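First up is the structure itself, then whatever we jot down about it.
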Amino acid sequence: MPVYATLIERIWFYAFRVLCGAVLLFLILPILVIIPLSFNEGSLLVYPLTGFSLQWYREFFLAPEWTMALKNSIIVAPGATVIAMTLGTLASIGLTRADFPFKSTLMSILISPMVVPIVIVGVSSYLFFAPLGWTNSYLTLIAVHAALGVPFVIITVSATLQGYNKNLSRAAASLGADPITTFFKVTLPLIASGVTSGGLFAFATSFDEVVVTLFLAGPEQTTLPRQMFGGIRENISPAIAAAATILIVFSVVMLLTLEYLRGKAEKLRTSVPE
Amino acid sequence: MTDTTLSAPPLLTVDGTPLKTRLRHIERLNQFKSLLLILPLIAFLVLTFLAPIAAMLVRSVDNPEVAPVLPKTVAAIQQWNKKSLPGEEAYAALASDLTAAKEDPSQLAEAAKRLNMEIPGFRSLVQKTARNLPMETEPESYKTALVELDERWGDPAYWHAIERNASTSTPFYLLSSLDMSVNDEGEIAKAEPDKAIYLEVFARTFWISAVVTVVCLFLGFPLAYLLATLPTRQSNLLMILVLLPFWTSVLVRVAAWIVLLQSGGLINGALETVGLIDEPLELVFNRTGVYISMVHILLPYMILPIYSVMKGISPSYMRAAISLGCHPIRSFWKVYFPQCIAGVAAGALLVFILCIGYYITPALLGGPKDQMVSYFVAFYTNTTINWGMATALGALLLLATVVLYAIYNRLVGANNLKLG
């Protein structure tokens, strides 16, 4: 703030900061509040804390319903991520390679899984796959989760490809590399950070998905969010706080990875600035 | 210059074809190869996402219950003048159909259940009539015999209900979702007040979404402005505070809000300690809880697009306006705000679109009066197994989303979406 600021300007300056601080507090408060409760001794999710205990973590890692949910999440989310990443990256390359009619329409259809209400995805896939006997299966759940993750891969990879200098591919081709070698040796290393970011988004989408799982998965495929959903609905125990804390640590790791990748992607921008 | 290009012979490639043709050919080949790269994803999305949604839309007008069970009745009723009672042949056909339908009681029960949706009590009428068929002695007139068995067969309303189900597709569910129905005159009319609940649900859904969008805008805009104007290092640090909730599981945040807002929770505890309240406020399992948690979940979707637009606005314009004597507030409104309107529109539309389809937060943090359309779609699928209503409500919700998404694409462009 400049020294010549008037009183009103000063008041405005601080009021504005306080408002923004309050919004940031609002954003972060729930996350700060739930972590201490997971170490609480009492069996209720209320403050004040009564004593330190790791029993809820013990329950999370030993109780069969939680271990099964964790195992299922670890099966489903990476499966969905691999499908979404592979198909999404190929399609993004296709979308940036050439112009063809209805390209923007096609693009908006490919991104639509992100905006279609999730209940509609859940109900329609249930009604569609149930007569075929494909519900209660890992494969169906993975496939639908992958469809939900695709838009994120398309968005991040397309954005990264816009910073990719096509002359590098042309140079590789002129030096005798076939398109597949060019892709793996030249293009992919340069867009890898974008692809990984997209993959992270797809992973988070599947890892946090509860509604489709609610409709499509049988008791055998209960995932972590599904287990938490049931827990919050029926009896909210501190084991949920332990699960939440572990998920928060997980999201911090993902967020930091993403920030790291973003920095890396900036450095790898090869397109000539306009 | 025009002369030389016109008179010059066309450029040829090595094999003698004109260069223009060859280039066009290569361009087409390139387009084809690009499509080939997109094709696997299209095929995958068709199977896992688009086909199920198309099937759901078809199902919202599907009416498979009555017509196959009463084929002769449906045929006989075509000649009916729809004013008085149908003729003897319709009654005879009905008796014959119901007798035949007793072979498959479950199908008959489905048809009776469907007719019961049209007129309450129709189920028992169908079951009672079927029980008494075939008659011991062939009656002289089925019309008299059936009306004698139950006088409701003498009421044209019941015949109108059968007539509305003569086809295997029906607007019944879609109209019901809009609190309307086809009356006995074949016109679309408002549903009876005790059945008219869905327009209120749609209005509530849009109202909640609008409130959440406005609150997100008022909270998100100043924060986005702060983030865009702070030095990079500080803003990156604060950005993490915005992105961390964005990356945290929705269920974690719902659990946290219950802890914070419940009657013995932190917020009530803090307010009581300060002495602002004597009784704990009811903040959760009602509308307040829904608003608070939805704003919390959707706020980053508002901040990020606004921030990315503001980031590209040079601060010199504002400085210039102020140095030219314009009041800071006026120059903000006249100079700065118009430049970030694209970000505001993108954020607001995105938040609104995501909000109208929300299910988890109202289901876990709201009361019965706070449920949105999504809840009823899930309710009809899981609890009452009324797939007609589930798919019809889903189709209308989808329609609303698609319209808003099209506006979004027009204004912002789907590929201009920025994340994180």
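On a predicted model such as this, the values are computed, not experimentally measured, just so you know. A note on names: the letters A, B, ... follow the listed sequences, proteins ahead of strands, and every chain is numbered from 1.
- Shortest non-hydrogen contact noted between B:Ser34 and A:Gly94 is CB-O, 3.3 Å.
- The number of heavy-atom neighbours closer than 6.0 Å to CD1 of B:Ile26, taken from other residues, nucleotides and ligands shown, is above 12.
- Remark: side-chain polar atoms of A:Asp208 are paired, donor with acceptor, to backbone N or O of B:Val250 under 3.5 angstrom.
- No close placement of the B:Trp247 and A:Phe207 rings is indicated, their centers lying 6.0 Å or farther apart.
- Both the backbone and the side chain of B:Leu244 have a heavy atom closer than 4.5 Å to some heavy atom of chain A.
- The part of B:Arg59 that comes within reach of chain A is its side chain, from C-beta onward, which places non-hydrogen atoms under 4.5 angstrom from that chain.
- Using a 4.5 Å cut-off between heavy atoms, B:Leu230 touches chain A through its side chain atoms alone.
- For A:Val115, the parts lying under 4.5 angstrom from a heavy atom of chain B are both the backbone and the side chain.
- Checked by atom type and distance alone, the side chain of B:Tyr405 pairs as donor or acceptor with a backbone atom of A:Ser108 at under 3.5 Å.
- Nearest heavy-atom pair, B:Gly394 versus A:Ile120, reported as atom, atom and distance to 0.1 Å: O-CD1, 3.2 Å.
- Taking CG of A:Leu247 as the start and OG of B:Ser249 as the end, the distance is 5.5 Å to the nearest 0.5 Å.
- For A:Leu32, no part sits under 4.5 Å from any heavy atom of chain B, backbone or side chain.
- You'll find the side chain of B:Leu41 stays beyond 4.5 Å of the side chain of A:Leu90, heavy atoms only.
- At a 4.5 Å heavy-atom cutoff, the contact between A:Ile240 and chain B is made by side-chain atoms alone.
- The choice from A:Met228, A:Arg97, A:Arg233 that makes the most heavy-atom pairs within less than 4.5 Å of chain B is A:Arg97.
- When each of B:Ala256, B:Ala395, B:Ala55 is checked for heavy-atom pairs under 4.5 Å with chain A, B:Ala256 comes out on top.
- Each of B:Leu299, B:Leu241, B:Val295, B:Leu219 was evaluated against A:Leu27; a single residue qualifies, B:Leu299, per the side chain to side chain contact (heavy atoms under 4.5 Å, CB included) test.
- Put simply, of B:Thr401, B:Leu251, B:Thr48, the one with the most heavy-atom pairs under 4.5 Å next to chain A is B:Leu251.
- For a residue to count as touching a neighbouring chain, one of its non-hydrogen atoms must lie under 4.5 Å from one of that chain's; by this rule A:Leu200 touches chain B with backbone and side chain alike.
- Listed options B:Leu227, B:Leu35, B:Asn382 were ranked by heavy-atom pairs under 4.5 angstrom with chain A; first place goes to B:Asn382.
- The two residues A:Cys20 and B:Pro222 make their nearest non-hydrogen contact at SG-O, 3.6 Å.
- When side chains are defined from C-beta on, A:Asp99 does not count as touching B:Glu27, because their heavy atoms never get closer than 4.5 Å.
- With ring centers used as reference points, A:Phe128 lies 6.0 Å or more from B:Trp387.
- In this structure, CH2 in B:Trp257 is found 11.5 Å from CD1 in A:Ile34, a value given to the nearest 0.5 Å.
- The CD1 atom of B:Ile42 lies 6.0 Å from the CG atom of A:Leu110; values are rounded to the nearest 0.5 Å.
- With a 4.5 angstrom heavy-atom cutoff, A:Ala146 touches chain B via backbone and side-chain atoms both.
- Atom OH of A:Tyr126 has 12 or fewer heavy atoms from other residues, nucleotides or ligands within 6.0 Å.
- Neither the backbone nor the side chain of A:Thr245 comes within less than 4.5 Å of any heavy atom of chain B.
- In this structure, CG on B:Leu50 lies 6.0 Å from OG on A:Ser112, to the nearest 0.5 angstrom.
- In this structure, chain A has heavy atoms under 4.5 Å from both the backbone and the side chain of B:Ile292.
- If you measure heavy-atom distances from B:Leu238 to chain A, the contacts under 4.5 Å come from both the backbone and the side chain.
- For chain B, the nearby part of A:Phe16 is the side chain; its heavy atoms alone come within less than 4.5 Å.
- Proximity to chain B (any heavy atom under 4.5 Å) is restricted, for A:Leu19, to the side chain, taken from C-beta onward.
- The distance from the CD atom of A:Glu259 to the CD1 atom of B:Ile240 is 5.5 Å, given to the nearest 0.5 Å.
- When each of A:Leu127, A:Ile28, A:Val144 is scored by its heavy-atom pairs under 4.5 Å with chain B, the top score falls to A:Leu127.
- Interatomic distance, A:Ile31 CD1 to B:Arg253 CZ, rounded to the nearest 0.5 Å: 6.5 Å.
- Side-chain contact between B:Val242 and A:Leu24: present, with at least one pair of heavy atoms (C-beta onward) separated by less than 4.5 Å.
- Atom CG of A:Leu132 has more than 12 neighbouring heavy atoms from other residues, nucleotides or ligands inside a 6.0 Å radius.
- Residues B:Tyr359 and A:Leu214 share a closest heavy-atom pair of CE2-CD2, 4.0 Å.
- Closest non-hydrogen pair, A:Ser124 versus B:Pro52, comes out as CB-O, 3.4 Å.
- Across A:Pro30 and B:Leu260, no two heavy atoms sit closer than the pair CA-CD1, 3.9 Å.
- For A:Leu106, the part lying near chain B is the side chain, with the backbone staying farther off; criterion is any non-hydrogen pair under 4.5 Å.
- Within the 4.5 angstrom heavy-atom criterion, only side-chain atoms of B:Leu45, from C-beta onward, approach chain A.
- Proximity to chain A (any heavy atom under 4.5 Å) is shown, for B:Ala363, by both the backbone and the side chain.
- The part of B:Leu354 that comes within reach of chain A is its side chain, from C-beta onward, which places non-hydrogen atoms under 4.5 angstrom from that chain.
- In this structure, the portion of B:Thr381 lying under 4.5 Å from any heavy atom of chain A is its side chain and not its backbone.
- The greatest number of non-hydrogen atom pairs below 4.5 Å with chain A, out of B:Leu266, B:Val377, B:Leu47, is found for B:Leu266.
- Among B:Ile53, B:Leu364, B:Leu393, the residue making the largest number of heavy-atom pairs under 4.5 Å with chain A is B:Leu364.
- If you measure heavy-atom distances from A:Ala159 to chain B, you find no contacts under 4.5 Å at all.
- Using a 4.5 Å cut-off between heavy atoms, A:Val150 touches chain B through its side chain atoms alone.
- Residue A:Phe250 does not touch chain B at all, counting heavy-atom pairs closer than 4.5 Å.
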